[in-house]
Structures are given as C-alpha cells and as structure tokens.
2 protein chains.
Amino acid sequence: MPRIVAERTDTLPTLAEIFREYGYNGASLSLISKATGLGKGSLYHFFPGGKAEMATAVLEEIEAWFQTNIFTPLLDTSDPACAITEMLDTVMAYFQSGQRVCLVGSLALNDPEDRFVSLVSRYFEGWINTLTQLFENAGYVDASDLAEQVVVEIQGGIVLTRALHNPALFQRRMEKLKQRIIALAERQD
Amino acid sequence: MPRIVAERTDTLPTLAEIFREYGYNGASLSLISKATGLGKGSLYHFFPGGKAEMATAVLEEIEAWFQTNIFTPLLDTSDPACAITEMLDTVMAYFQSGQRVCLVGSLALNDPEDRFVSLVSRYFEGWINTLTQLFENAGYVDASDLAEQVVVEIQGGIVLTRALHNPALFQRRMEKLKQRIIALAERQD
DNA sequence: TCCAATCTGTACTGATAAGTACAATCAGAA
DNA sequence: TTCTGATTGTACTTATCAGTACAGATTGGA
C-alpha cells in the first residue's frame, strides 16, 4: 500500500479548507477522506482523536501562521500606518477579500460542545493584544479600543461579504479602515 | 393524542433558538423534536420539507421581525441620532449583547449547499438599504458606505463577543458606533 | 537481505441521521 | 352525536455517521 503523505502536517491545509467550506459539523469523515485522499486508517493514524483532533491541529497551525505572518510583522515596523497597511493587505489576501471564511470566527459562532473555546479566544486575544501594543507604541489614545475595532471590522466584513457574495465590500471596508487609522495618527501629532 | 401546538408558527422561536445554538448542521431532528416537544410526525406535518423548510420559515420570520422592529422604526424618526440610538438599543437587546448568535450571519458563513443564499442576502440588503436611506435623508455624505459600516460592526461584534465570551465588548462597540455617527452628523451642520 | 516501525485500505461495529408509513386520537363543524 | 380533517406518536427503512480492528504493504535502517 503506497504512502501518500509523509507527515500529518501535509494534510492540514486541506483539512482547514474543508472545515472552512462545510463548517465543523458539516465536515464528515467521508468528505475529509475524499478531499485528503486518505482512508480512515490513515486519518485515525495521524489523528487518533478523530475530527476534534484534526480541527485542533488546524487551529494551532492557523495560530502559528498568524503569529508569523500577521502579529510579528505588526511590531517590526515603527510606522503604524505602514504596519496597518501591510497587515490589511495580508489579511485581504488570506481571506480572499472576504470570500474565504475565517475558521476561527466560524467556530466562535458555533462551537460544538465548546470544544475549541480556549483556542478561539487565544487567537483573537493575540490579535487584539498585538494591535493594542502597536497603537500604544505609536502614541494613539484608546489603543485597545482601536485594536478591538479593527478585528471587529475584519470579522464583520467577512460575514457580509459572504452574505452578499460581494468581495468588493470587503476591500472597501479595509480601505476605509486603513484611512481612518491613518487619519487618527495625523491627529495625534 | 393531545394537540400541543395550534400552528406551526408557534414552533418558530424554539426552532430559531436551536439553529442559533447548534448551527444548521448541528441541529438534528431528534434535538429539534426534544426542544419543541413535537414528534417527527408533527414536525413533518408542519414542515413537509424537513429541516430546510424549518430554517426557511425561521429566516422568513426573522426578516419580518426586523422589518417591523428595526427597519420601519429607522425611517419613522427624522432625527438620525435618535433613530440610530433606538436601533442599536433594539439590536443589543435582540442579540443579548452579542451572546446570541445572528442566525443569518451564521448561515452566511456556512450555507450548506447554498440553500439560503437569497434569504440571507435579502436580509442584509434590506438592512443596509434602510440605513442608507436614513443617512441620505439626514444629509450624510457617503450614506451607503456608512450603512455598510454599521452592519459590519454589528456582525463583527457578535463574532468577537462570542469568541471572547465578553458581552461588554459588544456594548462598547455599539456605544462607540453611536458616538461616531452622531459626531458625523454634527459635522454635517 | 531482512526486520521493525510506520503507513494504508477494507471491512466491520453500533449509533444516529433523515425521512416515510400509518394507525390512533383529537377538535370542531354538521 | 357523528363525521371529517387536522394532528400526533410509534415503528420502520435506508443511509450515513464516527470509530475500531486488522491484515497487508511500504519504507528505511541494520
């Protein structure tokens, strides 16, 4: 029997896409098996805990990705306008202008049996805290408030873009958000 | 066999709560049967189309409720600050400060087989269009943009509040939103 | 070459899913 | 009262679910 994947890590992107597309409950093992090309034997070999463990692994990978590609760069730059612009560009690409569901947000709305509470809250806390630090460094008043606002608009933008099938909406929201933050910066000077 | 409900309308609030709590896929018929106190016989008698018809009926009732309690009052008042304040109060009560999931938003993120696209988009279009009209009447610039922004913040607020189990977040967002809109109004004069 | 650990497919279990069939029961009209 | 149509519970079918068991295949090292 030929080997298909070397490590379970290789399956995580596919798993993530399935969970995003069908939701946690809608993602059945047969669907997962079809999408990954792995039989049940392999799936349970890599994830003895079944679907819950798959979702946990996916969430952890997502958090790591955000840590590397979103959070860390935010604090690298000294110019907040530049940092925010860069972040929103990455965010737009990652969520495909809101057409791609945020799995963490989706699990926030519907977490079966509260399995993923801690991972979900850690993700959003991390994001908000990093943004807060950025805004504090830049001398903004109400830094944490603004940080909260940014994440709210991203999540809300995804919901509305999905609802209206209108990626332009997401792009428009992100653009306006950027302008508002930059305008606030100028007022600080 | 005793009669339990007079009309299928009576079951809609319970059905709505189930779908909100467990999501469309997570709401099994046995769960629905338990929550409503109706056996399968009754459920299929009222909703021959099964779960999909239940969800459709719920969505239609939600839309009607918003039409009456949110959209119509928005255009009744001439003062936009007053109208927005009233709306946000109703919204906060309805979504229980973000602790209660927006079923339409939840279906926007995960619509199994795109069953509810038209209902979902109609709901959000109605909301945005009404707000746009309000802002236009009040002489705001970028009325439709502001309308979009309001709905985005409500949906995003729900996601984050659910994620962080922090209803204060939702209340804070709504309060800031209100202030921002009122500030914009004053700038128009 | 051969062996042990890793990987994989198939076949199975028991539970639960949606949906159907139907007889029993009810309420209200005649 | 009696009848009719609306309502309800139970039992059933069929499909799919998650999860287990296990034998066969593969790989890389000894």
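Numbers restart at 1 for each chain; the letters A, B, ... are given by sequence-line order, proteins then strands.
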Participant: Without decimals, in angstroms, what is the distance between B:D10 CG and D:dT7 P?
Facilitator: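 These atoms are roughly 11 Å apart.
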Participant: Without decimals, in angstroms, what is the distance between B:K34 NZ and C:dT16 C1'?
Facilitator: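 So the two atoms are 12 Å apart, to the nearest Å.
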Participant: Looking only at side-chain atoms of A:Y44, point me to the closest of C:dA18, C:dT8, D:dG19.
Facilitator: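 My answer, after comparing the listed nucleotides, is D:dG19.
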Participant: Closest to the B:S30 side chain: C:dA18, C:dA17, D:dA18?
Facilitator: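 Nearest nucleotide to the side chain: C:dA17.
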Participant: Answer yes when B:D142 and A:K176 have at least one side-chain N-carboxylate O distance shorter than 4.0 Å, and no when they do not.
Facilitator: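 Judged by the 4.0 Å cut-off on N to carboxylate O distance, B:D142 and A:K176 do form a salt bridge.
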Participant: Are OP1 or OP2 of D:dC17 and a side-chain N or O of A:S28 less than 4.0 angstrom apart?
Facilitator: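 So the side chain of A:S28 is within the cut-off, an N or O lying under 4.0 Å from OP1 or OP2 of D:dC17.
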Participant: Nearest-Å distance, CZ (A:F46) to P (C:dT8)?
Facilitator: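 Computing the A:F46:CZ to C:dT8:P distance gives 5 Å.
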Participant: Using a 4.0 Å heavy-atom cut-off, does B:G39 contact any base of the nucleic acid, only the sugar-phosphate backbone, or nothing at all?
Facilitator: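 The residue B:G39 makes sugar-phosphate contact but no base contact.
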Participant: Quickly work out the B:F47 CZ to C:dT20 C1' distance and round it to whole Å.
Facilitator: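 These atoms are roughly 18 Å apart.
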Participant: Need to verify one output field. Residue with the more 5' nearest nucleotide on DNA chain C, A:K40 or A:H45?
Facilitator: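 Nearest nucleotide further toward 5': that of A:H45.
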Participant: Round to the nearest Å and state the distance from B:K51 atom NZ to D:dT16 atom C1'.
Facilitator: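 Distance, rounded to whole Å: 13 Å.
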Participant: Can you check the B:E53 CD to C:dG19 C1' distance for me, whole Å?
Facilitator: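 Computing the B:E53:CD to C:dG19:C1' distance gives 14 Å.
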Participant: State, without any angle test, whether B:Q149 and A:R173 hold a side-chain donor-acceptor pair at a distance under 3.5 Å.
Facilitator: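 Side-chain D/A pair, B:Q149 to A:R173: present.
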Participant: So does B:R8 pair up with B:E53, basic N to acidic O under 4.0 Å?
Facilitator: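 Salt bridge: yes.
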Participant: Could you tell me whether B:E153 and B:K178 have a side-chain N and a carboxylate O separated by less than 4.0 Å?
Facilitator: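 Salt bridge flag = no for B:K178 with B:E153.
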Participant: By the 4.0 Å heavy-atom rule, please label B:G41 as base, sugar-phosphate, or nothing.
Facilitator: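 Base: the residue B:G41, judged by heavy atoms under 4.0 Å, touches a nucleobase.
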Participant: Rounded to whole angstroms, how far apart are CD1 on A:I32 and P on D:dC17?
Facilitator: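 The answer, rounded to whole Å, is 10 Å.
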Participant: Compare all side-chain heavy atoms of B:F135 with those of B:L184 and state whether any distance is below 4.5 angstrom.
Facilitator: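 Side-chain contact under 4.5 Å: no.
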Participant: How many whole angstroms separate atom CG of A:N25 from atom C1' of D:dA18?
Facilitator: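 The answer, rounded to whole Å, is 13 Å.
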